[in-house]
S.K.: 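Handing you this structure, nothing more for now.
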Amino acid sequence: MDFEIPDEYRDFASQVRLFRERELDPLEHDFLVNGGWPDDTRGALERRARELGFWALDVPTDLGGQGISELGMVLVFEELYQHPGMFHFGGSPEPSLYLCDDEQRKAYLLPVIEGTRRSCYAFTEPGTGSDLAGIRTKAERLPDRRWRITGTKTFISDVSRADFVITFATTDQKLGRKGVTCFLVDMSNPGVIKSRPIPTMGDNWEPYELVFQDCVVEEDRLLGEVNGAWKIAESQLVHGRLRIAAYQLGIARRAIETAVRWSKDRVTFGEPIANRQAIQWMLADSHVELEAARLLTYRAAWLADKGRECKHEAFVAKLYSTEMSQRVTDRCLQILGGLGYTRESVVQSLYRQARLWRIGHGTSEIARLMIARKVLQGNGDA
Ligand SMILES: Cc1cc2nc3c(=O)[nH]c(=O)nc-3n(C[C@H](O)[C@H](O)[C@H](O)COP(=O)(O)OP(=O)(O)OC[C@H]3O[C@@H](n4cnc5c(N)ncnc54)[C@H](O)[C@@H]3O)c2cc1C
């Protein structure tokens, strides 16, 4: 394994750091005390980022992107996610959109890359999240070959700005997860109803419940094959897990840097708290765990860049990194004392954000289940 990071990726990550310091940090206090940014602030930041060249970073160059590798993107996310704003550079499609056929590319994939359309991703339902086989949103083929989709999806992120929704629906329930199909559904379709926003404990996270009520779509909105969505979900989730592992590096790094600064300044009983072993051990443990998470994430990204199977490694990196960032932000909040618990402290926001990632894109329990399965088969290098 060779983690020699090309200079161009390090340079690019430095530019991302400058962007964060110049464009995001001045708005951080607003973000923290208001629990997020309005859509227009986020939109303005995205436009500014685009002017500076931060656009379609991971998109292949033949599609107009910058072709940055997974390992390069890990460096980008470690820089970007030191800010609590969950800010993404635009122009990066959901991986499933690369399965679009020629016509769909023009209507969905390319507009996302160009920034004229946005997507969201609807898998979870009130009755199921971890289990694809449990999907009850139904798609039936009509006699004129169109499809009618009926059901309810929940916790769907980015709905407020989305133009279309990548929707998973069962087309043959008795086949379980192998009877699920994926559709591209325009949000302008009168059969898609944004029934309610769902307030969450995270800053700037307001997913929606979406109801599909007699939602009729043309045959050409089918993404991939009938009953082939489980393959799409799997590739989307592997990719997502790798990204989520990378986000945690930024979250934990920022928390540690904040706690280090504070511990040197904060004097109790005549000495900076940094002189106390209790504080030093929390910082040392956090540092070691961050380093370990970074290596696991680099390994998964490196395998992905080589085109090698990395499902297991992405799960390992995601499980370890998300639990690491939870422990690290908790310790760092403790080091900040009462200040850490206030809305003005970045660490409380990072702490709440870290909590989400143990749930989304495969919970910690599902990760352990999958990892244990591999270990028990004897090919988990245990
Ligand atoms: C802020 C936010 C944004 C989200 N955005 C999206 C989105 O954009 N699109 C989307 O489709 N979804 C989204 N989700 C949903 C998210 O992906 C699901 O919440 C997640 O997959 C878990 O599913 P669930 O909530 O149904 O939990 P469940 O699957 O019901 O699990 C409940 C608990 O049981 C455990 N469990 C389940 N099965 C097993 C098992 N076999 N063995 C042991 N333990 C088990 C789980 O680990 C968990 O602890 C979002 C969620 C949140 C909170």
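Ligands are counted one by one from 1 in listed order, and the atoms in each one are counted from 1 as well. Residue numbers count from 1 along this sequence.
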S.K.: Tell me if the aromatic rings of Y351 and Y341 count as close, with their centers under 6.0 Å from one another.
M.R.: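 Ring-ring flag for Y351/Y341: false, centres at least 6.0 Å apart.
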
S.K.: Is atom 26 (O) of ligand 1 near the protein, in the sense that some protein heavy atom lies at less than 4.0 Å from it?
M.R.: yes

S.K.: Quick one: do R145 and E218 make a salt bridge, cutoff under 4.0 Å?
M.R.: no

S.K.: Quick check on atom 49 (O) of ligand 1 - does any protein heavy atom sit closer than 4.0 Å to it?
M.R.: yes

S.K.: Check whether the side chains of R352 and Q348 place a donor and an acceptor atom closer than 3.5 Å, and report yes or no.
M.R.: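 Present: a donor and an acceptor within the cut-off.
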
S.K.: Which option wins on minimum heavy-atom distance to atom 18 (C) of ligand 1: T124, V159, I366, T154?
M.R.: T124

S.K.: With a 3.5 Å cut-off and no angle check, do the side chains of E323 and S364 form a donor-acceptor pair?
M.R.: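 Note: E323 and S364 side chains meet the donor-acceptor criterion.
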
S.K.: Specify whether the nearest protein heavy atom to atom 33 (C) of ligand 1 is under 4.0 angstrom away.
M.R.: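 No, because not a single protein heavy atom sits under 4.0 Å from atom 33 (C) of ligand 1.
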
S.K.: Do any nitrogen or oxygen atoms of D131 come within less than 3.5 Å of a nitrogen or oxygen of ligand 1?
M.R.: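 In this structure, D131 places no N or O atom under 3.5 Å from an N or O of ligand 1.
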
S.K.: Just which atoms of ligand 1 are under 4.0 Å from any heavy atom in T128?
M.R.: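 Those of ligand 1 that fall under 4.0 Å from T128 are 26 (O).
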
S.K.: What atoms of ligand 1 come closer than 4.0 angstrom to any heavy atom of T363?
M.R.: 22 (C), 46 (C), 47 (O)

S.K.: Provide, to 0.1 Å, the distance between atom 44 (N) of ligand 1 and the closest protein heavy atom, together with that atom's residue and name.
M.R.: E365 CB, 3.6 Å

S.K.: For atom 23 (O) of ligand 1, what is the closest protein heavy atom, and at what distance to 0.1 Å?
M.R.: G129 CA, 3.3 Å

S.K.: Which ligand 1 atoms does L356 reach within 4.0 Å, using its non-hydrogen atoms?
M.R.: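 In order of number, 1 (C), 2 (C), 52 (C), 53 (C).
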
S.K.: Begin from the C-alpha positions of K231 and E234 and carry the test salt bridge (charged side-chain N to carboxylate O under 4.0 Å, His left out) through to its verdict.
M.R.: CA-CA 5 Å; K231 286 187 225 151; E234 208 162 82; over 6 Å; no

S.K.: Is the closest basic N to carboxylate O distance between E257 and R254 below 4.0 Å?
M.R.: no

S.K.: Could you list the atoms of ligand 1 found under 4.0 angstrom from a heavy atom of Y121?
M.R.: 7 (C), 8 (O), 9 (N), 10 (C), 11 (O)

S.K.: Output yes when R294 and E291 qualify as a salt bridge under the 4.0 Å nitrogen-oxygen rule, no when they do not.
M.R.: yes

S.K.: Is there a donor in the side chain of W147 and an acceptor in the side chain of E219, or the other way round, less than 3.5 Å apart?
M.R.: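 Yes, because at least one side-chain N or O of W147 sits under 3.5 Å from a partner of the opposite role on E219.
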
S.K.: Classify the side-chain pair E125/T137 by whether it contains a donor and acceptor separated by less than 3.5 Å.
M.R.: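 The criterion, which ignores hydrogens and geometry beyond distance, is satisfied for T137 and E125.
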
S.K.: Out of W205, F123, F155, who is nearest to atom 7 (C) of ligand 1 when you count heavy atoms only?
M.R.: F155

S.K.: For atom 19 (O) of ligand 1, what's the nearest protein heavy atom and its distance?
M.R.: I359 CG2, 3.8 Å

S.K.: Where is the nearest protein heavy atom to atom 42 (N) of ligand 1: which residue, which atom, and how far?
M.R.: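 For this ligand atom, the closest protein heavy atom is L369 CD1, 4.1 Å.
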
S.K.: As a check for students: among A367, S130, P126, identify the option with a heavy atom nearest to atom 31 (O) of ligand 1.
M.R.: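 Minimum heavy-atom distance to atom 31 (O) of ligand 1 goes to S130.
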
S.K.: Backbone or side chain, does any N or O of S157 fall under 3.5 Å from an N or O of ligand 1?
M.R.: yes

S.K.: I need the atoms of ligand 1 closer than 4.0 Å to a non-hydrogen atom of I156, numbered in the order shown.
M.R.: 7 (C), 8 (O), 9 (N), 10 (C), 11 (O)

S.K.: Between E313 and R308, does any NZ, NE, NH1 or NH2 come within less than 4.0 Å of an OD or OE carboxylate oxygen?
M.R.: no

S.K.: Between F87 and F54, does the ring centroid distance fall short of 6.0 Å?
M.R.: no

S.K.: Does G362, backbone or side chain, put an N or O under 3.5 Å from an N or O of ligand 1?
M.R.: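 Min N/O separation from ligand 1 is not below 3.5 Å for G362.
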
